[in-house]
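See below for the structure under consideration.
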Amino acid sequence: MTSGPGAHDRLDRLVRRVQADARVPAVSAALHRADRPLWTRTVGGTDSALGPRTQFRIGSVTKTFTAVLTLQCRDDGLLDLDDPVGRHLDLPAHGELTVRRLLSHTGGLQREPFGDVWDTLAAPDAERLVAELARAERVLPSGRRFHYSNLGMAVLGLLVARLRGGSWAEVLTERVLTPLGLTDTTVTPLPAAATGFLVDAYSDEAHPEPPTDFGAVGPAAQLWSTATDMARWAAFLADPAALDPSGAVLAPGTLDEMRWPLTTTDETLWGAGFGLGLILIPQGERVVHVGHDGAMPGFLAAVYGRRGGDGTPGAMGAAVLGSSGTATELLDLPHRLLAEAVEDDPAEIEPWRPGAPAPAALRGVLGRWWGEGFEYVFSWHDGTLRARGAADPAGRPPAVFAPLPDRPDVFRTVSGREVGELLRLTRDDAGTVVRMHWATYRFTRHQETFDRYDFRAGG
């Protein structure tokens with residue numbers, strides 16, 4: 001099934017309006033979703049071959065790739081997120097900062113490498129970057145708060161290269177770009193790449209910005225890509241199982257870990273969080289957009305996938321790339337495209353179909369239970385035991401339990417409320433489940449106080 005022309009017209013108009021109002025020489029946008037054909041739109045034209053495969057600089061969106069490479073190393077047993085980076089790299093300073101702190105920008109390391117990089121546009125090579133770490137400041141205590149650091153991500157790029165035995169660019173191509181088919185994403189621009197501009201604030205002049213190579217800071221901001229590739233990448237960050245079903249690039253559970261917010265970016269607004277290399281922007285109604293923004297001289301990029309909410313299809317991601325370094329209206333556009341697409345063309349509602357019954361040993365668990373004075377409903381759906389608070393709003397996910405193979409009547413909570421905690425069943429002599437303990441709290445068939453006063457029985 002394909003979406004109607006009206007929905008496409010509205011997406012097209014959003015892109016055209018931002019391009020015109022923000023005075024962006026060229027904008028390329030794409031929307032990826034599992035249930036519809038890829039949608040793309042390119043507006044403007046300062047380059048002769050401008051089109052869906054035109055590359056733009058994506059700046060700090062690069063960090064999401066370096067973060068994935070780092071988590072690959074963790075999953076392969078090459079590091080632990082709480083390792084100090086100095087355990088794996090010979091550094092003259094700041095080696096005590098942990099991998100987790102650098103990924104979440106909570107290490108307190110200064111934003112840029114030592115020196116006036118943005119004056120000279122001469123980024124250090126790996127040898128110089130390491131040598132000058134001793135001159136870089138720890139501007140905040142580690143773990144104090146969010147403080148964005150290109151330098152920290154550059155160190156992680158060196159770490160990945162060291163552990164994999166190749167350059168960061170080689171490892172990226174082999175372990176991420178090629179497996180996911182991101183063929184138009186490169187470390188250096190292809191010949192037909194777009195030109196980046198600074199648009200004059202008081203006239204219509206657009207002045208080209210100089211090309212830059214970020215050297216050893218490349219893992220923070222070096223990449224060039226297309227909106228098509230980046231929409232696919234955003235979809236992967238939101239729904240990895242749909243684009244990488246075998247987990248060849250990264251296990252879905254690891255992406256879950258990366259998407260968990262570790263800090264807020266503003267302590268008063270709470271409008272965005274930061275996980276392990278990923279920006280998380282809540283949209284309300286249990287919807288979150290996950291991805292990253294990017295900025296380099298002459299370019300802005302915003303790349304986000306959508307998770308949760310009624311009507312959101314699988315593998316949904318949007319990317320907006322523009323050839324202006326100051327048109328910040330571009331950064332809100334992927335969020336608007338995602339929301340508009342779901343509102344105008346929501347995912348199809350899958351019909352309910354009867355399924356297999358609960359195992360005989362668990363049928364006595366199903367139904368209503370009471371714990372801490374509150375009522376819960378235990379049920380069996382899609383082959384799993386689940387629990388919800390009786391008063392939970394409809395959109396709140398249930399707790400899901402998985403049996404422990406070596407402990408009969410003991411389950412691990414694998415998602416939802418009390419994730420990680422145990423659920424223990426207690427049976428009477430006839431084999432009937434008469435009580436349960438979840439996260440050590442007692443659950444009974446009737447409401448009871450903590451000293452076991454049963455309201456139904458009157459004592």
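Quantities reported herein were computed from a predicted structural model and do not represent experimental measurements.
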>> Less than 4.5 Å apart, side chain to side chain, heavy atoms only: is that true for R57 and Q222?
In response: yes

> What do you reckon, are the aromatic ring centroids of F214 and W118 less than 6.0 Å apart?
Replying inline: yes

> Can any side-chain N or O of D116 pair as donor or acceptor with the backbone N or O of D119 at less than 3.5 Å?
Replying inline: no

>> Are F401 and W438 an aromatic pair, judged by ring center distance below 6.0 Å?
In response: yes

>> Using side-chain heavy atoms (C-beta onward) and a distance below 4.5 Å, is R41 in contact with V27?
In response: no

> Does the side chain of S149 pick up a donor-acceptor pair with the side chain of Q110 at under 3.5 Å?
Replying inline: no

> Side-chain contact, heavy-atom cut-off 4.5 Å: T264 with F274?
Replying inline: no

>> Using the rule salt bridge (Lys or Arg N to Asp or Glu O under 4.0 Å), only one of R13, R17, R10, R306 pairs with E340; which is it?
In response: R10

>> Using modelled atom types and a 3.5 Å cut-off, is there a donor and acceptor pairing between side-chain atoms of S104 and backbone atoms of R100?
In response: yes

> Around R162, counting heavy atoms of other residues, nucleotides and ligands shown, do more than 12 lie under 6.0 Å from its CZ?
Replying inline: no

> With side chains defined as the heavy atoms from C-beta onward, is the minimum distance between T106 and R145 less than 4.5 Å?
Replying inline: no

> Does a side-chain heavy-atom distance below 4.5 Å link V342 with P313?
Replying inline: yes

> So, do R138 and S142 sit near enough that their side-chain heavy atoms are less than 4.5 Å apart?
Replying inline: yes

> Between T64 and W233, is any pair of side-chain heavy atoms under 4.5 Å apart?
Replying inline: yes

> Between the main-chain N or O of V85 and the side-chain N or O of D83, is there a donor-acceptor pair closer than 3.5 Å?
Replying inline: no

> Is there a donor-acceptor pair closer than 3.5 Å between any side-chain N or O of R101 and the backbone N or O of P84?
Replying inline: no

>> Looking at R16 and D9, is any side-chain nitrogen of the basic one under 4.0 Å from a carboxylate oxygen of the acidic one?
In response: no

> Are the side chain of H94 and the backbone of A136 linked by a donor-acceptor contact shorter than 3.5 Å?
Replying inline: yes

>> Regarding R417 and D392, does a basic nitrogen lie under 4.0 Å from an acidic carboxylate oxygen?
In response: no

> Are V217 and P113 side-chain neighbours, meaning at least one heavy-atom pair lies under 4.5 Å?
Replying inline: yes

>> Looking at E205 and R23, is any side-chain nitrogen of the basic one under 4.0 Å from a carboxylate oxygen of the acidic one?
In response: no

> Got a sec, which pairs hit salt bridge (charged side-chain N to carboxylate O under 4.0 Å, His left out) with one end in residues 61-73, sequence neighbours left out?
Replying inline: none

> Does V15 offer a backbone N or O that forms a donor-acceptor pair with the side chain of R336 under 3.5 Å?
Replying inline: no

> Hey, is the main chain of R175 close enough, under 3.5 Å, to the side chain of Q72 for a donor-acceptor pair?
Replying inline: yes

> How would you list, by chain and number, every residue that makes a side-chain hydrogen bond (donor to acceptor under 3.5 Å, both in side chains) with W369, sequence neighbours excluded?
Replying inline: none

>> Given 3.5 Å as the limit, does a donor-acceptor pair link the side chain of R412 with the main chain of A402, or not?
In response: no

> Got a salt bridge between R232 and D229, using NZ or NE/NH1/NH2 to carboxylate O under 4.0 Å?
Replying inline: no

